[in-house]
Amino acid sequence: MFEYKFVRVELSSFRRQPKEDYQTVVQEHAKEGWRLVQIFAPSIGGDGMAKYFELIFEKPKS
């Protein structure tokens, strides 16, 4: 069995750049035993562009 954690990384509205360093987010979660399994970028805006990334982590349940 695994547990999952979803972390949203917002994108700036103008340049669509992450507002925080996603690599740091991944490293911090890895130190806590989480493993990155997927990065999901839904198409949400009227322009069809994603407004955020969602990082999906998993780790075995204790």
Checklist entry - Heavy-atom distance under 4.5 Å between the side chains of Tyr52 and Val9, does that happen here? => result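 Counting from C-beta outward, Tyr52 and Val9 never come under 4.5 Å.
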Next on the checklist: Do Lys51 and Arg8 make a side-chain contact, defined as non-hydrogen atoms from C-beta onward lying under 4.5 Å apart?
Outcome noted: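 When only atoms from C-beta onward are counted, Arg8 and Lys51 do not touch, as no gap falls below 4.5 Å.
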Next on the checklist: Checking ring-ring contact (aromatic ring centres under 6.0 Å, His included) between His29 and each of Tyr22, Phe6, Phe57, which is the one that passes?
Outcome noted: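 Only one option passes, and that is Phe57.
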Item to check | Glu58 with Arg35: basic N within carboxylate O range, under 4.0 Å | outcome: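 Between Arg35 and Glu58 there is a salt bridge, with a charged N closer than 4.0 Å to a carboxylate O.
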Next on the checklist: Distance check, rounded to the nearest 0.5 Å: Lys61 atom NZ versus Met1 atom CE?
Outcome noted: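 CE of Met1 is found 5.0 Å from NZ of Lys61.
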Please tell me whether [X] and [Y] are part of a single hydrophobic cluster in this structure, the criterion being side-chain heavy atoms less than 4.5 Å apart.
| X | Y | value |
| --- | --- | --- |
| Phe2 | Trp34 | no |
| Ile39 | Val25 | yes |
| Phe53 | Ile56 | no |

